[in-house]
Colleague: 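Encoded as structure tokens, here's the structure I'll be asking about.
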Amino acid sequence: DSHTGMWAAMLATLAGDRNLRVRMLTASSCPVTLDPDAYSTYLQPQFRKACRDWREAVVRELAADPDVAVVFVSGHVEGQKRIGPDGTWEVATPQGFADAWVALAAAGKQVVVINDVPFLPVSLPDCLAIKGSGPDACAFPRKPPERTDLFARAARLADNSSVHFIDLDDVFCQGDTCHPIVGGVPAYLDQGHISAPFARSAVWKFDPLMDAFGFLKSVAVLDP
């Protein structure tokens with residue numbers, strides 16, 4: 001969904017340094033899970049079947065594509081629920097996400113799971129307009145783990161050496177407080193989508209993995 005798409009600037013930087021090609025596959029409010037009853041609460045009912053068909057097709061297509069070596073996945077964690085037998089929303093479970101990632105790993109892909117970033121109480125531009133632009137003017141309390149650890153639980157459930165979990169909580173949060181301004185840069189566009197400058201600055205979190213996969217940074221050699 002858009003919480004994957006917001007990493008485009010980081011992926012472009014990561015791939016550009018290594019002469020790799022990035023292919024983006026996203027659908028609004030439709031992160032990839034193989035649980036047929038799991039959806040984003042933002043997704044209107046008439047679009048649920050299309051979402052389910054799309055995410056199943058994405059897993060099949062990526063698994064079958066020999067040109068795809070690494071798959072990055074993410075999504076809006078707080079918006080995820082599943083529909084129970086009585087048609088009401090239930091707490092999201094990690095199994096469907098783990099199943100999707102294991103299917104890709106079984107096809108020989110490296111799967112990099114980017115945990116969702118902390119969700120702000122209010123849009124950062126609105127907060128800055130009201131409180132000013134001090135580095136801690138819009139700091140907010142860290143949310144309890146049960147609100148944010150869906151992907152972490154899914155990664156543990158996948159239990160696969162080709163599934164790699166990246167969490168940026170330590171970049172945003174210290175102790176019980178999180179900061180939407182990082183290194184003097186506004187890290188958010190709104191309540192939950194990161195800014196392109198912050199995404200590019202986070203490339204260091206992913207460099208070691210890409211090196212481990214064998215995709216080393218390109219070195220320009222100039223004739224004397």
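Remember, it's a predicted structure, so these values are computed and weren't measured experimentally.
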Colleague: Are I83 and E90 packed together at the side-chain level, in the sense that at least one heavy-atom pair is separated by less than 4.5 angstrom?
Modeller: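 I83 does not reach E90 side chain to side chain.
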
Colleague: Measure from the side-chain N and O atoms of K109 to the backbone N and O of V68, and report whether any donor-acceptor pair falls under 3.5 Å.
Modeller: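 Between the backbone of V68 and the side chain of K109 there is a qualifying donor-acceptor contact (under 3.5 Å).
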
Colleague: Taking the side chain as C-beta and beyond, is there a heavy-atom pair between V163 and Q110 under 4.5 Å?
Modeller: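 Result no, sub-4.5 Å side-chain heavy-atom pair not found.
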
Colleague: Measure the spacing between CG of L11 and CZ of R23 and express it to the nearest 0.5 Å.
Modeller: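 Separation between the atoms: 14.5 Å.
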
Colleague: Using the disulfide bond (SG atoms under 2.5 Å apart) rule, collect all pairs that involve residues 50-125, keeping only residues at least two apart or in two chains.
Modeller: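 The answer is C30-C51.
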
Colleague: Are V77 and L34 connected into the same hydrophobic cluster when the rule is that any two of I, L, V, M, F, W, Y join if their side-chain heavy atoms are below 4.5 Å apart?
Modeller: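 L34 clusters together with V77.
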
Colleague: Measure the CG-CD distance between L43 and Q80 for me, rounded to the nearest 0.5 Å.
Modeller: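 Output value for this atom pair is 9.5 Å.
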
Colleague: Taking the side chain as everything from C-beta on, heavy atoms only, tell me whether V59 gets closer than 4.5 Å to V32.
Modeller: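 The answer is yes; the side chains approach within 4.5 Å.
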
Colleague: Show every ring pair (Phe, Tyr, Trp, His ring centres under 6.0 Å) that has at least one partner inside residues 57-77, sequence neighbours left out.
Modeller: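 Qualifying pairs: H3-H76, Y42-H76, H76-F119.
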
Colleague: Using side-chain contact (heavy atoms from CB on, under 4.5 Å), reason through I194 and W7 one step at a time and then give a plain yes or no.
Modeller: CA-CA 8 Å; I194 59 171; W7 291 104; 3.5 Å; yes

Colleague: Are any non-hydrogen side-chain atoms of L150 and F97 less than 4.5 angstrom apart?
Modeller: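 Side chain of L150 against side chain of F97, heavy atoms only: contact under 4.5 Å found.
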
Colleague: So that I know where these two stand, are H164 and F213 an aromatic pair - ring centroids less than 6.0 Å apart?
Modeller: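 That pair passes the under 6.0 Å test.
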
Colleague: For D67 and R21, what are the C-alpha separation, side-chain angles and deciding distance, and is it a salt bridge (Lys or Arg N to Asp or Glu O under 4.0 Å)?
Modeller: CA-CA 10 Å; D67 290 333; R21 179 169 174 258; over 6 Å; no

Colleague: Of the non-hydrogen atoms in L168 and A202, which two are nearest, and what is the gap between them?
Modeller: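 It is CD2-CB, 3.9 Å.
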
Colleague: So, are D211 and K217 salt-bridged, with charged N and O less than 4.0 Å apart?
Modeller: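 Salt bridge between D211 and K217, a charged N being under 4.0 Å from a carboxylate O: no.
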
Colleague: Go through D207 and R18 one step at a time and tell me if the salt bridge (Lys or Arg N to Asp or Glu O under 4.0 Å) criterion holds.
Modeller: CA-CA 10 Å; D207 275 330; R18 293 168 169 78; 3.1 Å; yes

Colleague: Going through the distances and angles, do D170 and K205 end up as a salt bridge (Lys or Arg N to Asp or Glu O under 4.0 Å)?
Modeller: CA-CA 11 Å; D170 60 338; K205 271 281 195 177; 3.3 Å; yes

Colleague: Under 4.5 Å between any side-chain heavy atoms of D116 and E78, yes or no?
Modeller: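 Side chain of D116 against side chain of E78, heavy atoms only: no contact under 4.5 Å found.
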
Colleague: Is there a path of hydrophobic side-chain contacts, each under 4.5 Å between heavy atoms of I/L/V/M/F/W/Y residues, joining V112 to W204?
Modeller: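 Yes; tracing contacts between hydrophobic side chains, which count when under 4.5 Å, links both residues.
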
Colleague: Run the side-chain contact (heavy atoms from CB on, under 4.5 Å) check on I166 and V113 step by step: do they pass?
Modeller: CA-CA 6 Å; I166 299 287; V113 180; over 6 Å; no

Colleague: What pairs meet the disulfide bond (SG atoms under 2.5 Å apart) rule with one or both residues in residues 69-104, with sequence neighbours excluded?
Modeller: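 Passing the test, one end in residues 69-104: no pairs.
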
Colleague: Looking at every non-hydrogen atom in both residues, tell me the closest pair between S40 and S29 and how far apart they are.
Modeller: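 Looking at all heavy atoms of both residues, the closest pair is CB-O, 3.3 Å.
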
Colleague: Could you tell me whether F198 and F172 have their ring centroids closer than 6.0 angstrom?
Modeller: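 Distance test on ring centres: under 6.0 Å, yes.
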
Colleague: Which pair of heavy atoms, one from H193 and one from S2, lies closest together, and at what distance?
Modeller: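 Heavy-atom minimum between the residues: NE2-OG, 2.7 Å.
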
Colleague: What I'd like to find out is whether the side chain of L14 reaches to under 4.5 Å of the side chain of D17, using heavy atoms alone.
Modeller: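 No, every pair of side-chain atoms sits at 4.5 Å or beyond.
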
Colleague: Are F140 and V117 linked, directly or through intermediate hydrophobic residues, by side-chain heavy-atom contacts shorter than 4.5 Å (ILVMFWY only)?
Modeller: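 Cluster IDs for V117 and F140 match.
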
Colleague: If every non-hydrogen atom of A8 is compared with every non-hydrogen atom of M24, which pair is closest and at what distance?
Modeller: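 The answer is CB-CE, 4.2 Å.
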
Colleague: How long is the span from the CD atom in E56 to the CZ atom in R60, to the nearest 0.5 Å?
Modeller: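 Output value for this atom pair is 6.5 Å.
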
Colleague: Cation over ring, R55 on Y39, under 6.0 Å and within 45°?
Modeller: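 Relative to the ring axis of Y39, which defines the angle, R55 lies inside both limits.
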
Colleague: Listing request: all salt bridge (charged side-chain N to carboxylate O under 4.0 Å, His left out) pairs with a residue in residues 30-45, at least two apart in sequence or in separate chains.
Modeller: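 Listed by first then second residue: D35-R82, D37-R82.
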
Colleague: Are any of the side-chain heavy atoms of P141 and D176 separated by less than 4.5 Å?
Modeller: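 No - every pair of side-chain heavy atoms lies 4.5 Å or more apart.
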
Colleague: Please tabulate, one pair per line, all N/O donor-acceptor pairs under 3.5 Å involving side-chain atoms of residues 120-131, not counting sequence neighbours.
Modeller:
none

Colleague: Report yes or no: do L62 and F215 belong to one cluster of Ile/Leu/Val/Met/Phe/Trp/Tyr joined by side chain heavy-atom distances under 4.5 Å?
Modeller: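 Result: no, two separate clusters.
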
Colleague: Work out which heavy atom in A137 is nearest to a heavy atom in G132; give both atom names and the distance.
Modeller: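 Closest approach of A137 to G132, heavy atoms only: CB-O, 3.5 Å.
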
Colleague: Looking at CG of L104 and OG of S162, how far apart are the two atoms once the value is rounded to the nearest 0.5 Å?
Modeller: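 Nearest 0.5 Å value for the CG-OG distance: 10.5 Å.
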
Colleague: Nearest heavy-atom pair of A98 and A154: which atoms, and what distance?
Modeller: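 Smallest heavy-atom distance, with atoms named: CB-O, 3.5 Å.
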
Colleague: When you compare the side chain of I114 with that of M10, does any pair of heavy atoms fall below 4.5 Å?
Modeller: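 Answer yes - side chains close enough.
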
Colleague: For residues 177-187, which side-chain donor-acceptor pairs fall under 3.5 Å, sequence neighbours excluded?
Modeller:
from : atom 1 : to   : atom 2 : distance (Å)
H179 : ND1    : D136 : OD1    : 2.7
H179 : NE2    : Q174 : OE1    : 3.1

Colleague: Looking only at the aromatic ring of each residue, does the gap between the centers of F165 and F151 stay below 6.0 angstrom?
Modeller: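 Ring-ring flag for F151/F165: false, centres at least 6.0 Å apart.
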
Colleague: What about V70 and V22, same hydrophobic cluster or not, with Ile/Leu/Val/Met/Phe/Trp/Tyr joined at side-chain heavy-atom distances under 4.5 Å?
Modeller: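 Yes, same cluster.
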
